[in-house]
Undergrad: 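Mind having a look at this structure? Questions to follow.
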There are 4 protein chains.
Amino acid sequence: MSKKDSHGSIISYSKIIDIFTDRMVGFVLISMSDKKNKVLQIATKLFAEKGFENTSMVNICHEANVSKGLIYHHFKSKESILIEIFTGVTNQMIEMKTASKSSQEPKLQLVQLIETIFSQLEHDKAFFQLNLNIMFQPSTRQILKEQIEQRASLLFNSVKNIFDQISLKKSDLLSYMFIAEIDGISLNYLSIFNEYPLDMVKEELINKYKYLRINND
Amino acid sequence: MSKKDSHGSIISYSKIIDIFTDRMVGFVLISMSDKKNKVLQIATKLFAEKGFENTSMVNICHEANVSKGLIYHHFKSKESILIEIFTGVTNQMIEMKTASKSSQEPKLQLVQLIETIFSQLEHDKAFFQLNLNIMFQPSTRQILKEQIEQRASLLFNSVKNIFDQISLKKSDLLSYMFIAEIDGISLNYLSIFNEYPLDMVKEELINKYKYLRINND
Amino acid sequence: MSKKDSHGSIISYSKIIDIFTDRMVGFVLISMSDKKNKVLQIATKLFAEKGFENTSMVNICHEANVSKGLIYHHFKSKESILIEIFTGVTNQMIEMKTASKSSQEPKLQLVQLIETIFSQLEHDKAFFQLNLNIMFQPSTRQILKEQIEQRASLLFNSVKNIFDQISLKKSDLLSYMFIAEIDGISLNYLSIFNEYPLDMVKEELINKYKYLRINND
Amino acid sequence: MSKKDSHGSIISYSKIIDIFTDRMVGFVLISMSDKKNKVLQIATKLFAEKGFENTSMVNICHEANVSKGLIYHHFKSKESILIEIFTGVTNQMIEMKTASKSSQEPKLQLVQLIETIFSQLEHDKAFFQLNLNIMFQPSTRQILKEQIEQRASLLFNSVKNIFDQISLKKSDLLSYMFIAEIDGISLNYLSIFNEYPLDMVKEELINKYKYLRINND
DNA sequence: GATGAATGAGGCTTCATTCAT
DNA sequence: AATGAATGAAGCCTCATTCAT
C-alpha cells in the first residue's frame, strides 16, 4: 500500500482494521496488549456498523471476549475508546504525510492521489461511513472536534502543496475545489445513491486533473 | 424564495422550521393541531442540535411545553416523529419540483440553482446538519432509507433534466459531477473546515457552469 | 336453556355475551344504551382473552368503536366496568335461582345440574376462564370480593337444598364434595390438561350421583 | 417432610420459600448468589400477594434491597424471573418424583398423598394462590405454558402409577377423578369459601380412598 | 350523548461506570 | 491483568383518567 494512501477529510490513510493489528505493531501500538488491541478493533467495527451511541460497552465486551472490568482497566470511558481509535488513524496520517515526499510531476501526483482514494473508498466502506457518522453526530463531533480540524488542515496542506506547483495564485481555490469533489463523490457513493457509477466518475476526475489547464488571470 | 430553491441530496427546498409553521398553513398541514405542530418544530430543532439519539423525549416535552402523554397521543414513537419531519420535507420537495418549470437557458438554470442552494446553506446550517447526521447515523439511516433514496433520485432527475438540454450524451456524468461538487462543498463548509471561503468557491462554481463547454466526443 | 343453567362457583348461569345482548333486554338491562351495552360486551371478551390488567381502556374503545370520553360517561372507572360485568351475571344467578323450583326426584336434579354445567363448560370456555382469572388475580379478587362470596353461598345453598332431600345429616359434606368435584373437573378441563376426557368424566359423575347411596351412620 | 410431598397440578412439592433458601443449598442452587436468591424469594412472595402484573420491578427492588440494575444483571426480564421461579419448583418436582419409590399398599399411598397435599395446602396458601393466579392469567399462562403442561403430566403419571395397581382398566378415569377432587377442594378452600371445612372434607376423602372398591365391569 | 386532546405517574429496560476480589 | 456483581440515572413508552367542546 502506498504511503500516500489517505488524504481525505472523510478519507483516511488505510484500512482501519489493519491499524490495530499487524501493521501497527512495531511503531505505535507496540506496547498495546492483545486484549486492548482486540477491544479497539471490535469497537471500530461496531461503531461503524451501529453508530457510537448505539454500541454499548457490553456489546463490545461480548464481541471482544473481554470483561467489563478489563475495558475500564484499559480505557477511561467509552468516549476514550473513540478518541483512541481516531487518534490512531490521525497519528498515522501525520506520520505518512511526513514520510511522503514525491518528486513526481504535480498532475501525476494528483492522479495518483485520486486513484489511491478511490481504491480505499471501495475497500473500506464501513470505515469511511464511521468517519462520516462521527463527524456529523453532534455528540461525537464535539468529542473529536480538534482531531477533525487537525485532519482537515493536514489534508488541505497536502493538497495545496501539490497545487502550489501548478499555480501559486490559485492553489487555495484549486485545493478547496479538489477536496470538495473528492468528498462529494465519496458522500454520494457511500450514502446517497444506490448504484453509483464510481468508475465513470473516477475516469472523469482523472482526465480533468491529468490535463488541467489553469487560466492565471 | 424561488420555487426551485432546493435540489440537493443533503440539500432541501426550504427552511424546515417554516414548514411546520406559517408557510404550510393552507395546503398541507392545515389540520395539524398547534401542539403537534410545536412538537415537530422543537423536535426538528433538537435533533439538529444534539442528534436524534441524544435528544430524549423528555427534552422535547420540556422545550415544547407539552406532556409526555401528549406526544404519544400524536406520535406512535420517537422514530415516527423523525419520519414525520422527514416526510414533510420530502413531500414539499416533490410538490415544488412538480411546480417548477423553467423556460430559461439551461446554463442559467444551473447558475440559479447554485445560487439558491448556497443561499440556503448559509441560512439553514442546523437543518442541513440534521440531514447529514441522519443519513450517516446507521440507526436513523435505516429508518429513513426509502425517503433518502427517493430524495436522491428526485434531485438527480431535476439536475439531469437541465443537463439533457446541454448534452444528452453526457448528461448522466455531468449530473453526478455537479451533485458531487455541491454536496462536497456543503460538507466541507458545514462540517470540515473552520473558515470556509464559501463565496470564493461559489463564484468559481458559477463561472464554471455559466460558460460550460462540452466536448462531445 | 334451562333455568338452572348455572350453579358453579366458577360456573355461571349462561353465556355471558348473551347477557349483554338480546336476552337481557326486557328485564334488567332494558334501559342500557346500545353503546354502553357494546362496551360491556367487548370488555368481557377482552378481559377473558387477555386478562383485566392487560386490557387497556383504549383496547376497549377501539374494539367497541367508542370514544374514551364516552366510556367515562357511562362508567366511573375501569374497575367499575368489571364490577358491572360481574354484577350482571350475579344478578341473573339470583333471579334464576329464585325462579327455579323443581319437584323432581333429588338425584335426577343432580344429574340435570351436572349435565347443564358440563354443557356450559364446553360452550363458554372463555367466560369460565375469565371467572377463574378474576378470582385468582389478587387485584381483581379484591375488587369483587363480596360478589365472589355471595355467589359461593348462592351455589352452596342451591346444592345443599337438593342434598337435604337425600340426607339431612350429611348434606353439608355432600354439597362440599359435589362442588369440589365440579370445580376440580372444570379447572382441569379448562386450564390443566391438554386433552381432557370430559365426556368420560361426566359419565362417571352422572353414574355416581344417579345411584347415590348414603350410609347414614 | 416426605419425599412424595406434592403431586398436584396446582399443588407443588414443597414450600416455595424454602426452595430459595436453606433447603436447596447443597444440591441445586448452591452457586446462586445471595442477592439473586433474595430476588427470587421476594419476587415469589410479591407475585403471590399481588399478582405478577401488579408487582413492579421497583417493588421487588425495594423489598429485596437491591438496585434495579442488579436485577437486570441476573435476569433478562421480569418474565424471566417468573420462569425461573416456576422452573425451580418444576425441577424439584421432577427430582422428587424420581426419588420416590414406595412399596406400600396402593390405597395407603393414596392416603399418604392426600395427607401430604392437605398439609401443604394449609401451610402454603400464598404459594398455591400464586400457582392459580399464574395459570389463569392469560399473559402469565402463555409464558409458562410448557411448564404447566409438563407438571400436569408429571402429576397424572404419578397418580396413575398408583391406580394401575388397583385397577388397570379404570386407572385413567380414577386418576382424573382423584386429581379433580384434590384440585376442586384446593380451589374451594383457597379462593371460594370463606370458612371451608377442610378437615371434614379431608376425612371424607381419606375414607373414600382407604376403602376403595372398584367395580371392574 | 359523544369526542379526543391533554396529563402525569409509573412501568420495563438499558447503560456507563465503579469496586471488591 | 482480569472478572462480574452492583449501582442509579435516564430512556422510551403505556395507561387510567380528566376536561373543554
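So you know, we letter chains A, B, ... as the sequences are listed, proteins then strands, and number each from 1. In what follows, every heavy atom counts, from backbone to side chain, and hydrogens, waters and symmetry copies are set aside.
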Undergrad: Using 4.0 Å as the upper bound for N to carboxylate O, is an ion pair formed by B:K76 and B:E84?
TA: no
Undergrad: If I take atom CZ in residue D:F75 and atom P in nucleotide E:dC12, what distance separates them, rounded to the nearest angstrom?
TA: 15 Å
Undergrad: For the pair made of NE2 in B:H73 and C1' in E:dG8, what is the distance, rounded to whole Å?
TA: 15 Å
Undergrad: Indicate yes or no: at least one non-hydrogen side-chain atom of C:H74 is less than 4.5 angstrom from one of C:V39.
TA: no
Undergrad: Which helical stems does DNA chain E take part in, if a stem means at least 3 consecutive Watson-Crick or G-U pairs with both distances below 3.5 Å?
TA: E:2-21 with F:2-21
Undergrad: With heavy-atom distances below 4.5 Å as the criterion, would you say the side chains of B:S191 and B:Q129 are in contact?
TA: yes
Undergrad: Measure NZ/A:K38 against C1'/F:dA2 and give the value in whole Å, please.
TA: 16 Å
Undergrad: What closest approach, in Å, do B:F47 and B:L82 show between heavy atoms, and which atom pair accounts for it?
TA: CD1-CD1, 4.0 Å
Undergrad: Is any side-chain nitrogen or oxygen of C:H74 closer than 4.0 Å to OP1 or OP2 of E:dG1?
TA: yes
Undergrad: Hey, which sits more toward the 5' end of DNA chain F by its nearest nucleotide, A:N65 or D:S67?
TA: A:N65
Undergrad: Can you check the A:H62 NE2 to E:dT14 P distance for me, whole Å?
TA: 12 Å
Undergrad: With side-chain contact (heavy atoms from CB on, under 4.5 Å) as the criterion, how do D:H73 and D:K36 come out once you've worked through the C-alpha distance, each side chain's angles and the decisive distance to 0.1 Å?
TA: CA-CA 9 Å; D:H73 178 70; D:K36 180 171 183 184; over 6 Å; no
Undergrad: Figure out the CG/C1' separation between A:L82 and E:dA16, and round it to whole Å.
TA: 15 Å
Undergrad: Walk along nucleotides 11-21 of chain F from 5' to 3' and tag each nucleotide B, S or - by protein heavy-atom contact under 4.0 Å, base first, then sugar-phosphate.
TA: SSBBBSBB---
Undergrad: State whether the side chain of D:R141 and the backbone N or O of D:I148 hold a donor-acceptor pair below 3.5 Å, judged by distance alone.
TA: no
Undergrad: Do you see a donor-acceptor pair shorter than 3.5 Å between the side chains of A:K50 and A:N59?
TA: yes
Undergrad: Would you mind reading off the distance between B:I60 atom CD1 and F:dA10 atom C1', rounded to a whole angstrom?
TA: 15 Å
Undergrad: Any Lys/Arg nitrogen of D:K78 or D:E53 sitting under 4.0 Å from an Asp/Glu carboxylate oxygen of the other?
TA: no
Undergrad: Round to a whole Å and report the spacing from CD1 of D:I71 to C1' of F:dG8.
TA: 13 Å
Undergrad: How far apart are the C-alpha atoms of B:I71 and B:I81, what are their side-chain angles, what is the distance that settles it, and do they pass the side-chain contact (heavy atoms from CB on, under 4.5 Å) test?
TA: CA-CA 9 Å; B:I71 292 199; B:I81 297 179; 3.9 Å; yes
